[in-house]
Amino acid sequence: MFEHIERVPGDAILGLIEAFKKDTNPQKVDLGVGVYKDDQGNTPVMRAVKQAEALLLKNETTKTYIGSHGAPAYADAVLPMVLGEGSPLLEAKRASATQSPGGTGALRLAADFVAKHLPGKGIWVSDPTWPNHHGIFTAAGIELHKYPYVDAENRLDFDGMLGALKQIPEGDVVVLHACCHNPTGFDLSREQWKTVLEVLRERSLLPLIDFAYQGFGEGLDEDAFGVRLLAENLDEVIITSSCSKNFGIYCERTGCLIMVAKDQEQMENVRSQVAIVARENYSNPPAHGGAIVSEILHSAELAAVWREELTEMRDRINTLRRDFVDSLKPYGLDQKYACVAEQRGMFSYTGLTPDQVDRLRDEFGIYMVRSGRANVAGFSQENLPYLAKAIAAVN
């Protein structure tokens, strides 16, 4: 039965990991993998997470299923974090949260919901976008389209984006990155978000906001500006949230699908359908990651520790962005790569060409994906001089 099945190429990121491990260069640098790293190149367990897990271990009384929507305590913790304390949406009971296996699981729930209940509607993603967006929406049987996001000069192409949005057929779904755009790091300003809101309203477009990096850009509330603006001013919004990055619990697969409807009755109708989609996909989400998040956010003491740690990570990344550009000054390249300091989040569209990326890997042991996307968390004060020298050599 399996004789006709052909082998496909492995994931490019996984291939980079294997190549990096085999590289014997003592100065090798990994800028490919999409997880946070500290100065020692480790992805540490946050202090707040460790403390929360100790409490869970002591107090947990069951390992039973938590239901297709997940644990209510998790929803009660995540909804205010995403939509804001005292959000009018929560007071009006217009928003529903469904715990999911990571942000990826939330995206698949959203994709299946759209495919089933909005048949014939297309989905529009930025060019470029997170590569898995393509796989998730295509696997759900939805027609995928692109809108411009970065121009030939490696700058945010807001005019091109806006022009494309104005041409999208009414009722289609538009995927927007809430902050820390992956893979480019280019985010919309507050004024640009307001302009996008008007176009979405005029064209009757449904926004699907991918919120994978809350707290990694400017701050927890600052990063939520676009999400809250759209959710409070449009009748219907889909939000996919992830706790992988901001809680550092990548392997616990902890995400959330948030559906915003016109009123409570419509929200309950939508919520009932989402439960079926979740049931058909995986029945129940994993419980442990959500329990960690709930334990932290429902404790003033642990939440304060967590916010402090998240601020440390965000500040470190933003500092490394500026230091990277400064390290290129002796080579006269600081202006060429100034965009790196302007971007936000873990990733940067550096502007390096595929040929330059290949040379960095082959000649210097510096690994990143061929699009030139680099994980800024892989920078360190120790490797920046080496990186700068290598980049100068390939320019």
Side-chain angles (χ1 to χ4, degrees), residues 81-84 87 89 103 106-107 110 123-131 133 145-168 172-234 236-242 245-246 258 260 314 317-318 321 338-351 371-373 376:
M81 180 178 73
V82 172
L83 299 175
S87 167
L89 297 169
L107 283 162
I123 281 190
W124 297 72
V125 297
S126 63
D127 184 15
T129 191
W130 180 48
H133 280 157
H145 310 276
K146 300 178 183 179
Y147 60 84
Y149 197 75
V150 175
D151 64 22
E153 302 300 318
N154 197 35
R155 294 287 179 179
L156 174 65
D157 184 10
F158 185 66
D159 289 341
M161 172 187 179
L162 209 59
L165 293 184
K166 291 178 180 178
Q167 301 301 316
I168 294 177
D172 273 10
V173 181
V174 178
V175 177
L176 300 163
H177 296 233
C179 67
C180 307
H181 185 277
N182 181 4
T184 72
F186 290 117
D187 286 347
L188 301 180
S189 69
R190 294 194 171 198
E191 289 305 313
Q192 289 170 333
W193 272 112
K194 292 175 183 177
T195 303
V196 168
L197 167 64
E198 293 307 314
V199 175
L200 295 174
R201 182 185 282 137
E202 291 169 5
R203 300 292 302 164
S204 298
L205 302 175
L206 175 61
L208 195 171
I209 310 173
D210 190 347
F211 203 4
Y213 296 92
Q214 185 175 8
F216 265 81
E218 301 289 347
L220 283 166
D221 291 323
E222 292 86 347
D223 291 349
F225 176 82
V227 175
R228 296 172 187 175
L229 177 73
L230 269 54
E232 292 174 14
N233 288 279
L234 297 172
E236 297 155 346
V237 175
I238 301 174
I239 304 161
T240 58
S241 172
S242 171
K245 289 81 178 177
N246 51 14
I258 298 174
V260 176
R314 177 177 66 250
I317 288 175
N318 289 338
R321 287 183 175 278
C339 61
V340 175
E342 300 166 4
Q343 298 160 348
R344 285 295 175 264
M346 283 203 299
F347 300 115
S348 169
Y349 231 42
T350 60
S371 64
R373 186 213 76 172
V376 179

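On a predicted model such as this, the values are computed, not experimentally measured, just so you know.
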Check your understanding: Under a 4.5 Å cut-off applied to non-hydrogen side-chain atoms, are Val199 and Leu162 in contact?
Key -> yes
Practice item. For the pair Arg228 and Asp221, find out whether any cationic side-chain nitrogen is under 4.0 Å from an anionic carboxylate oxygen. Key: yes
Exercise for review: Go through the steps to decide whether Val82 and Ile239 satisfy the test side chain to side chain contact (heavy atoms under 4.5 Å, CB included), and finish with yes or no.
Suggested key: CA-CA 9 Å; Val82 172; Ile239 304 161; 4.2 Å; yes
Review point. If only atom types and distance count, is the side chain of Thr195 paired as donor or acceptor with the main-chain N or O of Glu191 below 3.5 Å?
Key: yes
Check your understanding: For Gln343 and Ser348, which heavy atoms make the closest approach, and how far apart are they?
Key -> OE1-OG, 2.6 Å
Check your understanding: Cys179 and Asp187: which non-hydrogen atoms are nearest, and at how many Å?
Key -> C-OD1, 3.4 Å
Point to revise | Distance in Å, Leu229 CG paired with Leu197 CG, rounded so as to fall on 0.5 Å steps | key: 5.0 Å
Point to revise | Close side-chain approach of Met346 and Cys180, heavy atoms under 4.5 Å | key: no
Check your understanding: Is the backbone of Asn233 close enough, under 3.5 Å, to the side chain of Arg201 for a donor and an acceptor to pair up by distance?
Key -> yes
Point to revise | side chain to side chain contact (heavy atoms under 4.5 Å, CB included) assessment of Lys194 paired with Phe225 | key: CA-CA 10 Å; Lys194 292 175 183 177; Phe225 176 82; 4.0 Å; yes
Exercise for review: Take Tyr213 and Asn246 through the side chain to side chain contact (heavy atoms under 4.5 Å, CB included) test and state the conclusion after the steps.
Suggested key: CA-CA 7 Å; Tyr213 296 92; Asn246 51 14; over 6 Å; no
Review point. At their closest point, which heavy atom of Ala224 faces which heavy atom of Gln214, and how far apart are they?
Key: CB-NE2, 4.1 Å
**Study point:** Reported CG-to-CD distance for the pair Leu220 and Glu222, which is rounded to 0.5 angstrom
**Key:** 8.0 Å
Point to revise | Heavy-atom side-chain proximity of Trp124 to Val173 below 4.5 angstrom | key: no
Check your understanding: Where the side chain of Thr350 meets the backbone of Arg373, is there a donor-acceptor pair that is under 3.5 Å apart?
Key -> no
Point to revise | Ring centre gap for His181 and Phe347 strictly below 6.0 Å | key: no
**Study point:** Separation of Leu156 CG from Gln192 CD (nearest 0.5 Å)
**Key:** 5.5 Å
Review point. With a 4.5 Å limit on heavy-atom distance, are the side chains of Glu342 and Arg155 in contact?
Key: yes
Check your understanding: Are any of the side-chain nitrogens in Arg203 or Glu198 under 4.0 Å away from the carboxylate oxygens of its partner?
Key -> no
Review point. If every non-hydrogen atom of Val237 is compared with every non-hydrogen atom of Ala231, which pair is closest and at what distance?
Key: CG2-CA, 3.9 Å
Review point. Rounded to the nearest 0.5 Å, what separation is found between the CG atom of Asp159 and the CG atom of Asp157?
Key: 6.5 Å
Point to revise | Donor-acceptor pair, side chain of Asp172 and main chain of Ile123, under 3.5 angstrom | key: no
Check your understanding: Are any non-hydrogen side-chain atoms of Asp210 and His133 less than 4.5 angstrom apart?
Key -> yes
Practice item. Please answer whether the main-chain N or O of Gly215 pairs with a side-chain N or O of Asp223 as donor and acceptor at a distance below 3.5 Å. Key: yes
Check your understanding: Going from OH on Tyr349 to CG on Asn182, what distance comes out if it is rounded to the nearest 0.5 angstrom?
Key -> 10.0 Å
Check your understanding: Quick one: are Leu230 and Trp193 in side-chain contact, heavy atoms under 4.5 Å?
Key -> yes
Study note, to complete from the structure: Nearest heavy-atom contact between Val150 and Pro128 is CG2-CD, 4.1 Å
Practice item. Report yes if the side chains of Val175 and Ser126 come closer than 4.5 Å at any heavy-atom pair, otherwise no. Key: no
**Study point:** Heavy-atom pair of closest approach, residues Lys245 and Ala212
**Key:** CD-O, 3.5 Å
Exercise for review: Measure the shortest side-chain to side-chain distance between Asp127 and Tyr147 over non-hydrogen atoms and say whether it is less than 4.5 angstrom.
Suggested key: no
Practice item. Report the distance from atom CG of Leu206 to atom CG of Leu200, rounding to the nearest 0.5 Å. Key: 9.0 Å
Point to revise | Steps toward side chain to side chain contact (heavy atoms under 4.5 Å, CB included) verdict (Met161, Val196) | key: CA-CA 9 Å; Met161 172 187 179; Val196 168; 4.1 Å; yes
